[in-house]
Amino acid sequence: MWLSDLIGLIYPEICCACNQRLTKQEETICLHCIYSLPKTNFLKYDDNPIARHLWGRVPFEHATSMFYFTKKGLIQNLMYELKYNGRYDVGLKLGVNLGMALKEISFWKEIDMILPVPLHPKKLKSRGYNQSDAIAEGMAEAMDIVTDPSVLKRVKFNKSQTKKGKLERWSNVENIFELNDAEKVKGKHVLLIDDVLTTGSTLEACAETLLKVEGLKVSIATLACAESF
């Protein structure tokens with residue numbers, strides 16, 4: 001015990017959002033930051049801005065985002081740590097928070113399986129892991145639902161969507177996903193998970209691939225959404 005306390009004094013654990021020292025009762029993100037994260041309050045409503053953004057683009061049951069992604073904000077800090085600094089635990093922590101919130105809402109209890117949006121093998125190799133896998137894993141733990149990252153695969157490497165027009169965005173993600181095992185999701189209601197919704201084109205392409213499976217239904221959730229998506 002004294003040794004761990006001494007190590008804590010020399011190398012204190014800090015919050016991934018605000019860089020302040022964590023207490024013994026805190027992990028990864030301090031309680032102040034957890035409560036300060038900019039919630040959208042979209043989760044309880046089927047008619048929300050995320051759903052409206054995706055209407056007419058792909059058939060889905062429900063769609064939502066939990067937080068707003070703002071420049072230099074807490075979520076941006078956390079996403080940077082998750083994607084570029086090897087902090088898989090950030091995805092787990094936030095995934096648990098999202099899963100616990102969804103578990104309390106009746107229409108999200110229809111979900112049979114959680115599927116993270118896959119990364120291309122090239123990007124997966126450079127990053128070391130898929131950030132959406134971490135989020136999905138945390139959600140699965142909180143919701144007591146299986147997650148299976150092997151169902152989908154990404155077969156085309158594409159560049160960032162952020163500076164592309166609408167037609168360019170779709171062209172950039174067309175036919176980039178394939179199914180590994182359709183039987184695993186046949187007749188199921190799957191929840192497609194990604195970290196941040198910006199244009200929605202990647203999620204749209206992913207959902208289109210899944211909806212080729214007989215009897216499958218898709219819902220969509222992201223940890224965060226850009227303020228102007």
Side-chain angles (χ1 to χ4, degrees), residues 50-51 53-65 69 79 82-84 88 91 95 98-99 108 110-140 145-226 229:
I50 302 300
H53 180 68
L54 296 171
W55 282 345
R57 296 171 57 175
V58 64
F60 63 90
E61 305 301 311
H62 316 290
T64 196
S65 291
F69 181 99
M79 291 300 97
L82 171 61
K83 295 174 73 170
Y84 304 113
Y88 194 88
L98 176 54
W108 290 105
E110 306 163 2
I111 304 298
D112 299 310
M113 181 183 289
I114 298 173
L115 299 180
V117 171
L119 287 179
H120 187 272
K122 181 179 178 181
K123 187 172 285 187
L124 185 62
K125 184 178 180 180
S126 66
R127 188 169 294 171
Y129 59 82
N130 180 1
Q131 71 275 4
S132 294
D133 286 354
I135 298 165
E137 186 178 334
M139 292 181 68
I145 298 174
V146 66
T147 180
D148 192 340
S150 71
V151 171
L152 281 166
K153 62 181 177 180
R154 196 167 191 147
V155 294
K156 178 181 173 184
F157 186 80
N158 64 330
K159 296 180 180 180
S160 173
Q161 299 280 83
T162 55
K163 295 183 180 180
K164 296 182 181 292
K166 188 174 182 179
L167 291 176
E168 287 180 300
R169 292 170 190 168
W170 174 248
S171 177
N172 195 41
V173 298
E174 192 174 10
N175 300 319
I176 67 171
F177 298 109
E178 288 182 2
L179 283 159
N180 273 325
D181 191 344
E183 288 299 315
K184 284 186 177 182
V185 291
K186 188 176 180 179
K188 294 186 181 295
H189 186 172
V190 301
L191 178 56
L192 188 59
I193 294 298
D194 208 359
D195 53 356
V196 181
L197 184 146
T198 49
T199 68
S201 297
T202 301
L203 286 161
E204 181 182 354
C206 206
E208 288 283 4
T209 301
L210 286 167
L211 287 166
K212 295 174 184 177
V213 179
E214 181 183 350
L216 182 140
K217 295 189 291 186
V218 172
S219 287
I220 294 169
T222 64
L223 200 58
C225 62
F229 52 84

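Just so you know, residue 1 is the first one in the sequence shown, and it goes up from there. Heavy-atom basis, side chains included; hydrogens, waters and symmetry copies ignored.
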Inset, instruction - Please assess Met79 against Val196 for the test side chain to side chain contact (heavy atoms under 4.5 Å, CB included), listing each intermediate value before the final yes or no. - result: CA-CA 9 Å; Met79 291 300 97; Val196 181; 4.0 Å; yes
Legend entry - Pair His53-Cys225, side chain to side chain contact (heavy atoms under 4.5 Å, CB included): steps then yes or no: CA-CA 11 Å; His53 180 68; Cys225 62; over 6 Å; no
Inset, instruction - Please step through side chain to side chain contact (heavy atoms under 4.5 Å, CB included) for the pair Leu203 and Leu192, ending with a clear verdict. - result: CA-CA 8 Å; Leu203 286 161; Leu192 188 59; 4.0 Å; yes
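Here the OG1-CZ distance, from Thr222 to Phe69, works out to 11.5 Å after rounding to the nearest 0.5 Å. Separating the NZ atom in Lys217 from the CG atom in Leu211 is a distance of 11.5 Å, to the nearest 0.5 Å. The distance from atom CG of Leu124 to atom CG of Leu119, rounded to the nearest 0.5 Å, is 6.0 Å. Atom NZ of residue Lys123 and atom CZ of residue Arg154 lie 6.5 Å apart, to the nearest 0.5 angstrom. Taken from CG in Leu223 to OG1 in Thr64, the straight-line distance is 11.0 Å, to the nearest 0.5 Å. With rounding to the nearest 0.5 angstrom, the CD atom of Glu137 is 12.5 Å from the OG atom of Ser132.
Contact check for Val185 versus Met113: side-chain heavy atoms found under the 4.5 Å cut-off. Proximity of Leu179 to Leu152: side-chain heavy atoms (C-beta onward) are separated by under 4.5 Å at one or more points. The closest side-chain heavy-atom distance from Lys83 to Asp195 is below 4.5 Å. Between Pro116 and Asp194 the shortest side-chain heavy-atom distance does not fall below 4.5 Å. Here the side chains of Ile220 and Leu54 are in contact, with some heavy-atom distance below 4.5 Å. Inter-residue side-chain proximity for Ser201 and Arg57 is flagged as met; some heavy-atom pair is nearer than 4.5 Å. The shortest distance between side-chain heavy atoms of Phe177 and Thr202 falls below 4.5 Å.
Residues Leu216 and Leu210 approach most closely at CD2-O, 3.6 Å, considering heavy atoms. Between Ile135 and Leu82, the closest heavy-atom pair is CD1-CD2, 4.3 Å. Between Ala207 and Val58, the shortest heavy-atom contact is CB-CG2, 3.6 Å.
Partner Val190 forms a side chain to side chain contact (heavy atoms under 4.5 Å, CB included) with one of Asp112, Ile111, Leu115 and no other, that one being Leu115. Tested against Ser219 for a side-chain hydrogen bond (donor to acceptor under 3.5 Å, both in side chains), the candidates His189, Glu110, Glu61, His62 yield a single pass: His189.
Here the side chain of Thr147 pairs a donor or acceptor atom with the backbone of Ile114 at under 3.5 angstrom. Between the side chain of Asp181 and the main chain of Val151, no donor-acceptor pair closer than 3.5 Å is present.
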